[in-house]
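Beneath this line is the structure, given in structure tokens, with notes to follow.
Labels below follow one simple rule: chain letters A, B, ... track the order of the sequence lines, proteins then strands, and each chain is numbered from 1.
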Protein chains: 2
Amino acid sequence: MSDARQYFSLPSPFAMKRGGMLHGAHVAYETWGTLNTARDNAMLIFTGLSPSAHAASNQDDPAPGWWEGMLGPGKAIDTTRWFVICMNSLGSDKGSTCPASIDAATGEPYRLSFPDLSLEDVANAAHALVTRLQIEKLACLIGCSMGGMSALAYMLLHPGSVRAHISVDTAPQAQPFAIAIRSLQREAIRLDPHWNNGDYDIHVEHGGRYPDIGMSIARKLGVITYRSAMEWNGRFARIRLDPEEREDQPFGFEFQVESYLESHAQRFVRTFDPNSYLYLSRASDWFDISEYGQGSVLEGLKHIRIERALVIGVSTDILFPLEQQEQIAEGLEAAGAQVEFVALDSPQGHDAFLVDIENYSRAIGGFLTRL
Amino acid sequence: MSDARQYFSLPSPFAMKRGGMLHGAHVAYETWGTLNTARDNAMLIFTGLSPSAHAASNQDDPAPGWWEGMLGPGKAIDTTRWFVICMNSLGSDKGSTCPASIDAATGEPYRLSFPDLSLEDVANAAHALVTRLQIEKLACLIGCSMGGMSALAYMLLHPGSVRAHISVDTAPQAQPFAIAIRSLQREAIRLDPHWNNGDYDIHVEHGGRYPDIGMSIARKLGVITYRSAMEWNGRFARIRLDPEEREDQPFGFEFQVESYLESHAQRFVRTFDPNSYLYLSRASDWFDISEYGQGSVLEGLKHIRIERALVIGVSTDILFPLEQQEQIAEGLEAAGAQVEFVALDSPQGHDAFLVDIENYSRAIGGFLTRL
């Protein structure tokens, strides 16, 4: 399998925000385009909770990436102009050091001995990578969903490191509805007897001791909150499965929307490490920019020093509601940035940034053209 | 324990909509007030999925009911004027025949041999009860949440049996978002190994083989969708639990919203029969008034013949969105009824009818006064 990932060894030891440290850790990343001689055309993308660094196809890995429609030559994020870096978050299992990685001190996977993970740690790992690439200031920092929170942490913790920012479907802090959803996802995993306190069989594709049920429920709950009721009314309505597609068991699936969720879950369950999921999910709950502003989101945002920002959200997002994007826009403006705020009505909910490429491209491409 | 329940034996056999029949079945109900000699002051209430027939305290059972603030002497539903009946839905385990009941033919609980349950069956059982009470026409039929769908079925299947209708936080058909939520709740239960294909220990308070985990996850998901993000921002924000309240386990509860969900789940888990929950949940998904209107919700509603209706919903309801209440109001109006439509902005979401008694009382009390 072709692979475009590069690896950056983090400074060792790498101190974590909430205590503990990692020894010999690394992060995976991919790049597109060319860094110019002034080294001022670099862009960094922070991903949501589950995507890898493979945001788009490139020479070494022609497979479509998770933001394929957005990123490439001539696209909204035009790789003939920008040198784009996408990093797999520290703690994610798509190449970066995570709870499924081997702890050199023991020769065994970290599992729950992995130190508490915060999005500030994700941000600090990315800053170390950017520094190593001899990029003094990012031309633009993009963060989507959870990655939007990592981006806020990056700008707060490293003043002067970013010129422009694009905030996509994210939040300045986790609100209780989102916490409740993620807490229930974590609970579904940890109450699965096969989770076994984190001691399941890592890297098995089938069989073994593995929390399939908990991961499936967590993923389905994720998909339900990533999309929107409006989209599904048009897409699934009350359409039934054909008789041969139905599950032959009591209370088995009968509606198309149920098999849609099932196929999402099946694609996810054995491809994401459950412990890594738990760490990243909790890190999302913990993030709160008001910690940097004496309890005020606005005051926290006011510490961010950038020149320009684009803040995008969508009215159908129930996980990161539009009001939270408005807060980010207001705070960055109060901090002195020139801010564009785009509220879309895409029907796809939180995931609109992955689906409604046309509208997100127009907003992001337009903003980047004006930089 | 005092108990105000009365029991009505259904005609035997009692034929179910989707085939199968019940022998020797009954429903539990409670009443308040006095039926007048003209027998024209009767009101029937259909409940949501989980409540019992105990809508309010009465002489035989002074414990507060689930709609205590709404129902009683001098309250919005004034029991000095109305003779009020609240029936425990057929298939629910609060006194009516349900999957946990003993099947006389075998001497064992029905469990999954209980016939497929539809809300039309719930409606027909209620109509048999009302007929037995020698009430030819209900002065008013009230349905809340799932009960609102049962009420629509009642009016459709028994033309001329209802004078006025109050529709509370309900829908004319299940939409895919609600189906997805309920499907996931059912899945959490049926994937719990202790559900054991319906063959768990019924009526145990602790221990035994019982799907506690599945029921807990199902209930928490229910509570999340019954309330609203807006309410929780004000109520819980990001308030942490005191250290001594936290769970001493990896990824244990840390935020107040998490322990709120946990206490809801603990109160529910062993007090509602899991198989009954599955049957009622699926009946909610199945309900679709468009089946009576050649695929059109509006045409289905047009078959309902009543004089007046009050339709109430709340803008923060994500499970039964306000647009669905608008559909009901439009359809009943198109059918010739005089309709009042009340859209509330209560922050409590779908559960507002149980919490925002002040606004619901004003609407319901006002409507009833004008009858």
By a 4.5 Å heavy-atom criterion (distance strictly below it), what part of [X] contacts chain A: side chain, backbone, both, or neither?
{"X": "B/Leu112", "value": "side chain"}
{"X": "B/Glu323", "value": "neither"}
{"X": "B/Leu261", "value": "side chain"}
{"X": "B/Glu231", "value": "neither"}
{"X": "B/Ile217", "value": "both"}
{"X": "B/Phe251", "value": "both"}

Using non-hydrogen atoms only, which part of [X] is less than 4.5 Å away from chain B: side chain, backbone, both, or neither?
{"X": "A/Tyr260", "value": "neither"}
{"X": "A/Ala188", "value": "both"}
{"X": "A/Glu254", "value": "side chain"}
{"X": "A/Leu221", "value": "both"}
{"X": "A/Asp285", "value": "both"}
{"X": "A/Leu184", "value": "side chain"}

>> Taking A/Arg18 first and then A/Asp121, would you say they form a salt bridge - that is, a charged N and a carboxylate O separated by under 4.0 Å?
In response: no
> Is the shortest side-chain N to carboxylate O distance from B/Asp116 to B/Lys17 below 4.0 Å?
Replying inline: no
> How would you list, in number order, the residues of residues 172-182 of chain B that have a heavy atom less than 4.5 Å from chain A?
Replying inline: B/Gln173, B/Ala174, B/Gln175, B/Pro176, B/Phe177, B/Ile179, B/Ala180, B/Ile181
> When you check the side-chain N and O atoms of B/Ser346 and B/Asp356, is any donor under 3.5 Å from an acceptor?
Replying inline: yes
> Checking B/Ser228 side chain against B/Met230 main chain: does a donor-acceptor pair fall under 3.5 Å?
Replying inline: yes
>> For a side-chain hydrogen bond (donor to acceptor under 3.5 Å, both in side chains) check, start with the C-alpha distance between B/Glu262 and B/Gln266, then their side-chain angles and the critical distance, and finish with the verdict.
In response: CA-CA 6 Å; B/Glu262 178 66 15; B/Gln266 284 181 4; 2.8 Å; yes
> About how many Å separate CZ of A/Phe287 and CE of A/Met149, when rounded to the nearest 0.5 Å?
Replying inline: 7.0 Å
> Could you walk me through whether A/Arg209 and A/Asp199 pass the side chain to side chain contact (heavy atoms under 4.5 Å, CB included) check?
Replying inline: CA-CA 9 Å; A/Arg209 187 188 183 97; A/Asp199 196 13; over 6 Å; no
>> Taking the side chain as everything from C-beta on, heavy atoms only, tell me whether A/Leu22 gets closer than 4.5 Å to A/Leu90.
In response: yes
> Which residue out of B/Arg227, B/Glu247, B/Arg235, B/Gln256 racks up the most heavy-atom pairs below 4.5 Å with chain A?
Replying inline: B/Glu247
> Do you know which of B/Phe272, B/Tyr200, B/Trp195 makes ring pair (Phe, Tyr, Trp, His ring centres under 6.0 Å) with B/Tyr210?
Replying inline: B/Tyr200
> Where does the angle between the aromatic ring planes of B/Phe320 and B/His350 fall among parallel (under 30°), tilted (30 to 60°) and perpendicular (over 60°)?
Replying inline: parallel
